[in-house]
Amino acid sequence: MPSMPPKSAHSPQTPKTPWLVVPRPNPSAARRLVCFPHAGGSASFFRTWAQHLDPTVELQVVQYPGRENRIAEPLLGTMDEVASAAARALRADGRETILFGHSMGAAVAYEVLRILEADRASAVTRLCVSGRRLTGPSADRVITPLTDDELIASMGALGGTQSAILEDPDIRAMVLPILRNDYFLIDSYRPDPAAAPVTAEVVALTGDADPRVTEAQMKEWARITTGPFACHTFPGGHFYLAEHSAALARIATADI
């Protein structure tokens with residue numbers, strides 16, 4: 001009977017930082033794919049992606065405060081807070097890194113990349129942005145937190161959590177504050193129009209029936225980089241990822 005390999009020193013239950021969940025620890029992998037969830041989302045959304053990666057890539061998923069294993073921690077209300085903290089967590093690992101963010105996560109990943117590149121020691125070689133246009137609401141638009149009904153309607157329109165699930169008062173009490181916080185955070189966010197271009201490759205991805213963004217709008221991400229750019233469109237709506245995780249993991253980690 002063959003001997004069993006020794007267990008990794010790192011386990012998904014005990015990551016080095018609460019900001020990163022590692023479903024299948026692989027410290028010997030030469031690269032890592034770091035995924036950033038959408039508004040209201042958590043690390044479990046990307047957990048199955050690990051099975052689509054080859055042994056040279058480790059999956060790490062950003063876990064925002066206030067959900068799952070971080071449920072007792074206070075939510076963060078600004079992009080600066082989230083991006084700065086996530087960037088600090090990512091600096092500890094010097095491996096070649098690919099960032100993948102969906103919806104709100106695309107904006108977070110972009111701001112994290114800007115911080116890491118400003119350090120002049122970034123190991124990030126590629127930014128994958130999914131389901132979010134580069135520009136947001138106009139700067140003079142007044143942003144207010146959404147009501148419960150507005151949140152539920154928005155989730156239904158995007159194909160997110162089913163409204164029937166939210167009829168349970170305990171689930172509503174848990175989910176809606178997180179969603180309200182994240183919506184306010186991303187609606188208040190304005191990318192710096194004078195920001196210097198990044199040098200990492202950029203890959204834009206979207207669903208062809210996404211009500212929030214078009215393929216043409218996704219192609220606007222090309223202007224943030226001096227490196228190569230590619231755009232891919234898949235069948236599906238805002239959460240097209242659920243049906244195309246294997247293809248997306250492949251595109252994220254393959255040559256552009």
Side-chain angles (χ1 to χ4, degrees), residues 33-53 57 59 61-62 98-113 125-138 141 146 150-165 179 182-183 185-187 189-191 197-198 200-225 227-256:
L33 172 63
V34 181
C35 294
F36 295 74
H38 52 280
S42 57
S44 59
F45 182 80
F46 288 101
R47 188 175 299 275
T48 61
W49 283 39
Q51 66 190 13
H52 304 306
L53 300 173
V57 183
L59 175 68
V61 190
V62 170
I98 298 162
L99 305 181
F100 185 109
H102 177 62
S103 199
M104 181 185 84
V108 179
Y110 168 54
E111 292 298 334
V112 166
L113 174 59
T125 57
R126 178 177 299 170
L127 168 67
C128 299
V129 288
S130 168
R132 178 175 173 81
R133 60 186 300 178
L134 175 61
T135 55
S138 61
R141 176 182 165 189
L146 299 181
E150 289 171 332
L151 288 169
I152 293 171
S154 178
M155 293 169 73
L158 295 178
T161 303
Q162 296 299 313
S163 298
I165 296 176
L179 197 64
D182 290 358
Y183 270 41
L185 182 157
I186 196 61
D187 287 344
Y189 163 70
R190 302 290 184 276
V198 300
E201 301 173 347
V202 175
V203 179
L205 308 115
T206 190
D208 61 5
D210 191 327
R212 288 281 183 89
V213 65
T214 65
E215 181 179 358
Q217 289 169 333
M218 290 303 301
K219 289 180 178 178
E220 293 174 2
W221 284 96
R223 68 173 187 255
I224 70 160
T225 183
F229 175 80
C231 184
H232 301 271
T233 301
F234 290 83
H238 190 65
F239 287 101
Y240 73 96
L241 295 82
E243 299 176 359
H244 303 287
S245 56
L248 289 166
R250 183 172 62 252
I251 289 173
T253 55
D255 290 340
I256 200 166

Check: Tell me the salt bridge (charged side-chain N to carboxylate O under 4.0 Å, His left out) pairs involving residues 204-216, sequence neighbours left out?
Finding: Glu215-Lys219
Check: Any side-chain heavy atom of Val202 within less than 4.5 Å of one from Tyr110?
Finding: no
Checklist line | Pairs satisfying side-chain hydrogen bond (donor to acceptor under 3.5 Å, both in side chains), at least one member in residues 242-256, at least two apart | finding: His52-Ser245
Note to self: Working to the nearest 0.5 angstrom, can you tell me the gap between Leu185 CG and Met104 CE?
What the structure shows: 6.0 Å
Notebook entry, point to check: Relative to the ring of His102, is the ring of His238 parallel (under 30°), tilted (30 to 60°) or perpendicular (over 60°)?
Noted result: tilted
Item checked: Stepwise side-chain contact (heavy atoms from CB on, under 4.5 Å) test for Phe239 and Phe45 -> CA-CA 11 Å; Phe239 287 101; Phe45 182 80; 4.1 Å; yes
Checklist line | Asp182 to Gly41 - nearest heavy-atom pair and separation | finding: OD2-N, 4.5 Å
Item checked: Test side-chain contact (heavy atoms from CB on, under 4.5 Å) applied to Leu134 and Arg223, step by step -> CA-CA 10 Å; Leu134 175 61; Arg223 68 173 187 255; 3.8 Å; yes
Next item on the list: Mark yes or no for whether Trp221, through its side chain, and Arg132, through its backbone, hold a donor-acceptor pair below 3.5 Å.
Entry: yes
Next item on the list: Report the residues that fulfil side-chain contact (heavy atoms from CB on, under 4.5 Å) with Leu179, sequence neighbours left out, ordered by chain and then residue number.
Entry: Leu151, Met155, Tyr183
Check: Could you give the distance from NE2 (His232) to OG (Ser130), rounded to the nearest 0.5 Å?
Finding: 12.0 Å
Checklist line | Pairwise distance SG(Cys231) to CD(Glu220) - rounded to 0.5 angstrom | finding: 11.0 Å
Check: Is any side-chain heavy atom of Tyr240 closer than 4.5 Å to a side-chain heavy atom of Thr233?
Finding: no
Checklist line | Option among Leu99, Ile98, Val112, Val61 that satisfies the side-chain contact (heavy atoms from CB on, under 4.5 Å) test with Val34 | finding: Leu99
Notebook entry, point to check: Would you call Val62 and Val108 a side-chain contact if the rule is heavy atoms closer than 4.5 Å?
Noted result: no
Next item on the list: Check for a donor-acceptor pair, side chain of Thr225 on one end and backbone N or O of Val198 on the other, with a separation under 3.5 Å.
Entry: yes
Notebook entry, point to check: Looking at SG of Cys128 and CG of Leu248, how far apart are the two atoms once the value is rounded to the nearest 0.5 Å?
Noted result: 9.0 Å
Note to self: If I take atom CG from residue Leu241 and atom CH2 from residue Trp49, how far apart are they, to the nearest 0.5 angstrom?
What the structure shows: 5.5 Å
Check: What closest approach, in Å, do Pro37 and Ala43 show between heavy atoms, and which atom pair accounts for it?
Finding: CG-N, 4.2 Å
Next item on the list: Could you go through the side-chain contact (heavy atoms from CB on, under 4.5 Å) check for Phe100 and Leu59 one step at a time?
Entry: CA-CA 11 Å; Phe100 185 109; Leu59 175 68; over 6 Å; no
